[in-house]
Amino acid sequence: MTGERHFWLFKTEPSCFSFADLQARPDGTEHWDGVRNFQARNYLRDEIGVGDGVLVYHSNIPEPAVVGVAVVVKAGYPDFTARNPRNVHFDLKSTVDRPIWYMVDIRAERPFYRPVSLAELKGHPGLAGMVLLQRSRLSVQPVTPEQWSIIFRLGSGAE
DNA sequence: GCCAACGTTGGC
DNA sequence: GCCAACGTTGGC
C-alpha cells in the first residue's frame, strides 16, 4: 500500500473542461493534462498519489467555485500533449527521454450538492490559509485535511 | 474588458 | 544571475 491520503485542489475553466465533462468520460476518468507551471508540475510528478482526494474548482466564470470531488486513479506520468505539435500545450523542449510536463488521472466521485463559491471560501475563517486565497494562480495546489473537510461539508449541503 | 499579480524569457 | 519586458491568469 501507499502512504497516507493527501488532498488537492485542481482548477479548470469549465468552458474548456468542466466537472460535468469529467463525469461524462468513460468511468468518469480522464487524464489531467495541459498543466504548464513548474510548481504545479512538481506536485503532479512527485507528490500526488493514487487515492488522493481532489477538489475540482471552476475558474474564470462569474461565480468561481468548487463544484465536486474526484479521486486520483493514476499517479504522475509524462503529459503526452506536450509532444503533439497540434496541441495548444505543445512544448518543443519536452522529449520522451526528458519529459518536462506531467499529468495524473482522476475519476469523478461526485458533484457537490451545491457549489462552494470563492466568496464563501474567502468568508470562512477556517479557510483563510488556503493556497487558493493566497496564490490564486497556482492551478494544482495542496489542501489540508482540515480545509478538505470544511469544504466537503459545505458542498454536501450539511451547512 | 480591465488590470493586478505573478511566472517566464532573454539581454546583458 | 539580475531584472526589465512580456505574457498569462483569473477575479471582478
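Numbered from 1 within each chain, the chains take letters A, B, ... in sequence-line order. Values below: every heavy atom of this structure, side chains too, minus hydrogens, waters and symmetry copies.
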Per atom distances to the Glu13(A) side chain, the nearest of dG7(B), dG10(C), dG11(C) is dG10(C)
Whole angstrom is fine here: how far is it from NZ in Lys93(A) over to C1' in dG10(B)? 12 Å
Verify the contact: side-chain N or O of Lys11(A) to OP1 or OP2 of dG11(C), cut-off strictly under 4.0 Å; return yes or no. no
Between CG of Asn60(A) and P of dC12(C) the distance, given in whole Å, is 12 Å
More than 12 heavy atoms of other residues, nucleotides or ligands under 6.0 Å from CZ of Arg135(A): is that the case? no
Counting only heavy atoms not in Glu63(A) (residues, nucleotides, ligands), do more than 12 fall under 6.0 Å from its CD? no
Rounding to an integer number of Å, can you tell me how far Asn37(A) CG sits from dT9(C) C1'? 11 Å
Can you identify which nucleotide, out of dG11(C), dG7(C), dT9(B), has its nearest atom closest to the Arg137(A) side chain? dG7(C)
Do the two ring centres, one from His31(A) and one from Phe80(A), sit under 6.0 Å apart? yes
Kindly point out which of dG11(C), dT8(B), dT9(B) is positioned nearest to the side chain of Phe38(A)? dT8(B)
Applying the side chain to side chain donor-acceptor pair (under 3.5 Å) test to Thr81(A), which of Arg86(A), Arg36(A), His89(A) qualifies? Arg36(A)
Could you tell me how far apart Leu121(A) (CG) and dG11(C) (P) are, to the nearest whole angstrom? 11 Å
What is the distance, to the nearest angstrom, from the CD atom on Gln141(A) to the P atom on dC6(B)? 13 Å
Atom CG of Asp91(A) to atom P of dT8(C): distance rounded to whole Å? 14 Å
Counting only side-chain nitrogens and oxygens, does Tyr57(A) get under 4.0 Å of the OP1 or OP2 atom of dG11(C)? yes
How many whole angstroms separate atom CG of Leu132(A) from atom C1' of dA5(B)? 14 Å
In whole angstrom, what separates His89(A)'s NE2 from dT8(B)'s P? 15 Å
If you draw the axis of the six-membered ring of Trp148(A), does the NZ or CZ of Arg5(A) fall within 45° of it and under 6.0 Å from the ring centre? yes
Select one nucleotide: of dG10(C), dC12(C), dG7(B), the one nearest the side-chain heavy atoms of Arg135(A). dG7(B)
